[in-house]
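Read through the structure below, which is laid out as structure tokens, and then see the notes.
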Amino acid sequence: MKERIQKVVGDEAKNLWMGTFHSVFARILRVEADKINYPTNFTIYDSDDSKSLIRDILKEQNLDDKIYKPSVVLNRISSAKNNLYTWKDYQDNTDYTSDDSSTGKPKMGMLFEMYSKRCFKAGAMDFDDILFNTWRLFNEHPEVLYKYQNKFKYVMVDEFQDTNFAQYIIVKKLAAIHQNICVVGDDAQSIYAFRGANIQNILNFEKDYDELKTFKLEQNYRSTKTIVQAANSVIVVNKNQLKKDVWTDNHNGEKIRVLKALSDNEEGYQVASSIFEDKMNKQLQNKDFAILYRTNAQSRSMEEALRKQNIPYRVFGGVSFYNRKEIKDLLAYFRMAINPQDEEAMKRIINYPTRGIGKTTVDRIIEFSVLNSENTWNVIQNINTLPVGINSGIRDKVFEFGKMVRSWQIMLKDHSAYELASHISSACGILTELYNDRTPEGVNHYENVQALLNGIKEFSEDGKIPLEAPSAEQELPALRTLDLYLQDIALLTDADNEKDGDDNKVALMTIHSAKGLEFKHVHIVGLEENLFPSQLSVNSRAELEEERRLFYVAITRAEQKLTLSLAATRYRWGNLISSQPSRFLEEIDSACLDMPAPKGNALFDDVDERGGWGSYGGNTQSNYRGNSKSNGNKSYSGSQTKYSNKTSSTAKPTTPIGGNDVPKGFKKVGSASPTPIISDFVADDPSKIVVGVQVEHQRFGRGQVIAIEGRVPENKATILFDGQGQKQLLLKFAKLRVVED
DNA sequence: GGAGGCCTCGGAAGG
DNA sequence: CGAGGCCTCC
């Protein structure tokens with residue numbers, strides 16, 4: 001985007017600040033954080049750090065994490081902060097508190113308070129704090145606000161429908177003097193209401209500025225008439241929408257195809273085949289295609305089919321590089337070197353690789369730090385003189401750990417990011433630990449860490465352009481140190497991180513991440529009830545409308561051709577389930593659809609007794625349920641050898657599905673997976689486990705089933721093991737073998 | 001203290 | 001199915 005602006009306005013574009021709210025505000029806070037008593041080297045907690053901290057607090061407070069689910073607690077705190085409530089405001093607000101007591105969570109306000117204080121003590125901000133603290137900074141320090149008001153004489157916001165309250169209020173403050181503010185948004189594409197985005201901001205905007213000019217952008221320059229018409233016919237079903245009339249001057253284009261498959265794997269096969277044909281027939285490139293899905297889990301069957309047909313693809317999102325355990329571990333070491341108060345980083349690595357500092361010791365350190373309002377880093381450093389209640393042997397180990405971290409702190413300022421990073425990774429023992437694991441997964445972990453170190457090397461050495469170009473008064477630092485690297489990546493997403501130079505690949509992503517993008521050919525897959533629209537949305541009008549807007553976004557990604565697809569059965573969480581066509585299919589103006597029409601023109605009435613669509617003409621022979629795991633490298637370049645090398649050792653045998661070879665259990669909804677369990681211990685099908693039979697368990701040995709209770713798949717067996725006593729085991733997990741007498 | 005197995009639970013998403 | 005928490009056993 002910056003490059004495009006530069007083409008219009010020239011080099012001056014280099015001085016403008018552009019980024020997400022979070023990255024722009026984090027950049028301000030890196031300079032100003034001391035004014036609100038944070039260190040400028042503050043850590044940014046990701047949501048895993050936040051949840052882990054909440055889990056700790058719950059334990060300390062003896063609260064049940066089934067009642068106070070960490071994700072729910074975090075959401076609650078998050079939404080309060082996004083509405084600019086401090087923990088005090090929260091506790092004083094009867095709407096919040098009475099709601100909490102009526103849902104049986106009266107301690108929520110206290111958790112909010114403790115969570116905030118613990119983050120502060122650790123020198124850490126979570127994602128919401130980046131907004132919240134920017135607001136505080138501007139409120140409490142008018143001179144700082146004034147400085148940025150004059151720095152940003154013009155403010156523009158894209159995707160305005162996705163802003164939350166805090167973001168809007170801060171932007172309003174920034175624009176308050178010059179009043180040069182321009183926002184662009186589309187209510188029909190609001191797909192983040194579930195996390196606090198507020199469509200109300202668009203309406204408020206009209207009230208907040210009297211000298212307002214509104215421009216309706218109703219001409220679509222991207223898509224064919226067919227696609228625009230289809231999108232309009234879908235969105236009109238929503239009651240809650242701003243009236244507009246989107247049209248296009250483009251050609252009619254092709255009708256929308258609907259592919260129907262028996263299984264998710266077959267759907268993948270059909271989609272891949274269709275891409276292959278279009279590529280050949282229309283001389284298109286891989287990058288002209290996108291496959292969009294509702295949930296990341298759907299990528300697997302697509303990836304497999306593309307791989308088999310040698311079509312290069314790239315999966316966006318999913319488990320990102322920076323979310324992998326080995327990467328987070330190493331980054332936690334770096335975080336310690338930069339901000340040793342960072343409690344979550346400390347917890348992660350103080351005993352990894354193991355150095356004899358166990359859970360009990362860590363708990364005592366934290367307990368002591370909480371009771372004495374001290375940060376954990378000071379406790380660790382002074383472990384020998386403080387009455388923490390740890391024996392001297394372990395005290396020495398803790399002290400050594402602190403000494404190691406201190407030595408890195410000293411190196412921080414006069415070593416490059418790479419020098420320090422490679423030093424840390426050897427000194428802390430992670431490299432050796434990972435190197436010694438010669439399993440395929442272990443090798444992969446080691447390679448990932450090497451890849452991270454290579455990235456840091458690049459950052460340190462060849463002066464990679466920083467994400468945010470320095471403004472005039474900011475000098476480019478002579479030495480690119482590790483703290484600068486961490487700032488650079490803390491707010492990165494996968495999309496910013498395409499290393500592989502070859503970008504001529506089919507794009508696979510969720511519809512959420514496809515917003516703002518466009519492709520010549522788009523496949524929207526998995527158009528089934530309870531998947532799209534999501535099962536969790538179908539009971540609420542508002543949520544269903546958000547799903548529909550999501551479908552609208554998906555349709556409008558396509559320039560020339562749109563293909564929809566659905567499967568009669570698919571694996572979800574290991575179970576084969578059957579599904580019904582999505583209601584959204586019926587909402588599309590049928591004039592836009594090119595029906596496969598096996599019987600007349602009905603899409604839905606040809607479901608056969610197996611729960612599948614009988615008359616479909618695809619090739620089933622290569623459809624099977626594979627089990628190859630994603631191996632970290634989610635990008636595939638079309639080299640079959642490379643792929644098989646990487647996965648051969650993790651690939652599992654497969655079970656054929658589809659065609660006439662339908663396995664038992666095909667029709668059962670929610671039945672246990674027919675996929676064989678592969679391990680040294682071969683288990684029997686749970687249906688064979690009945691009262692009276694003799695069974696063998698890998699660990700407990702032989703026993704007799706004396707009762708079965710509950711319904712599949714939650715059914716449990718009570719088994720009397722020889723010499724082990726009676727145990728209750730969930731059949732879907734316990735690997736049991738029937739012993740023939 | 002550490003390893004390994006059992007069991008629970010899962011949403012889409014950004015930062 | 002897979003990740004991660006937790007419990008148990010050594």
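Throughout, protein chains are lettered first and strands after them, A, B, ... in sequence-line order, and every chain is numbered starting at 1.
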In whole angstrom, give the distance that lies between atom [atom1] of [X] and atom [atom2] of [N].
X	N	atom1	atom2	value
A/K328	C/dA3	NZ	P	14 Å
A/L131	B/dA13	CG	P	20 Å
A/L531	B/dG11	CG	C1'	11 Å
A/L536	B/dG11	CG	C1'	6 Å
A/R549	B/dA12	CZ	P	18 Å
A/R572	B/dG10	CZ	P	13 Å
A/F127	B/dG14	CZ	P	11 Å
A/I350	B/dG1	CD1	C1'	14 Å

- Contact nearer the 5' end of DNA chain B, comparing A/N164 with A/G358: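 It is A/G358 whose nearest nucleotide is closer to the 5' end.
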- Would you mind telling me which residue lines up with the more 5' stretch of DNA chain B, A/T354 or A/K69, judged by nearest nucleotide?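 Its nearest nucleotide being more 5', the pick is A/T354.
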With sugar-phosphate meaning primed atoms plus P, OP1 and OP2, does [X] contact a base, only sugar-phosphate, or nothing at under 4.0 Å between heavy atoms?
X	answer
A/D126	nothing
A/E546	nothing
A/S47	base
A/K51	nothing

- Side-chain N or O of A/S513 less than 4.0 angstrom from OP1 or OP2 on B/dA12?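 No, because none of the side-chain N or O atoms of A/S513 sits under 4.0 Å from OP1 or OP2 of B/dA12.
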- Query: OP1 or OP2 of B/dG11 sitting under 4.0 Å from any side-chain N/O of A/S537?
  - Reply: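 For A/S537, the contact criterion (side-chain N or O under 4.0 Å from OP1 or OP2 of B/dG11) is not met.
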- Message: So if I apply the side chain to side chain contact (heavy atoms under 4.5 Å, CB included) rule between A/R335 and each of A/L330, A/D483, A/I44, A/D49, which one comes out positive?
- Response: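 One option only clears the test, and that one is A/D49.
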Proximity to the side chain of [X] - top-ranked nucleotide from [options]:
X	options	answer
A/H512	B/dG10, B/dA12, B/dG14	B/dA12
A/N296	B/dG11, B/dA12, B/dA13	B/dA13
A/I394	B/dG1, B/dG11, B/dG14	B/dG1
A/T361	B/dG10, B/dG1, B/dA12	B/dG1

Would you tabulate the pairs of protein nitrogen or oxygen atoms and nucleotide nitrogen or oxygen atoms of nucleotides 5-7 of chain C closer than 3.5 angstrom?
residue : atom : partner : partner atom : Å
C/dG5   : OP1  : A/R55   : NH1          : 3.4

- Task: Quick one: closest heavy-atom pair of A/N339 and A/G123, and the distance?
- Result: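 Looking at all heavy atoms of both residues, the shortest contact is ND2-O, 3.2 Å.
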- Who are the side chain to side chain donor-acceptor pair (under 3.5 Å) partners of A/K51, not counting sequence neighbours?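 A/K51 satisfies side chain to side chain donor-acceptor pair (under 3.5 Å) with no other residue.
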- Partners passing side chain to side chain donor-acceptor pair (under 3.5 Å) against A/K325 (at least two apart in sequence or in another chain):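 Side chain to side chain donor-acceptor pair (under 3.5 Å) list for A/K325, sorted by chain: A/D329.
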- Message: Between A/Y168 and A/F160, is the ring centroid distance below 6.0 Å?
- Response: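 Yes, they do, as the ring centres are separated by less than 6.0 Å.
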- Query: Just checking, A/R30 and A/F42: is the charged tip under 6.0 Å from the six-membered ring centre and within 45° of the axis?
  - Reply: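 Yes - A/R30 lies over the ring of A/F42, closer than 6.0 Å to its centre and within 45° of its axis.
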- Task: Would you state whether a donor and an acceptor, one from the side chain of A/S534 and one from the base of B/dG11, lie under 3.5 Å apart?
- Result: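 Answer yes: a donor N or O sits under 3.5 Å from an acceptor.
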- Message: I'd like to know whether A/S301 forms a side chain to side chain donor-acceptor pair (under 3.5 Å) with A/Y571, so could you lay out the CA-CA distance, the side-chain angles of the two residues, the decisive distance to 0.1 Å, and finally the verdict.
- Response: CA-CA 10 Å; A/S301 54; A/Y571 274 89; over 6 Å; no
- Taking the six-membered ring for Trp, are A/F25 and A/F21 parallel (under 30°), tilted (30 to 60°) or perpendicular (over 60°)?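 It falls in the tilted class, 30° to 60°.
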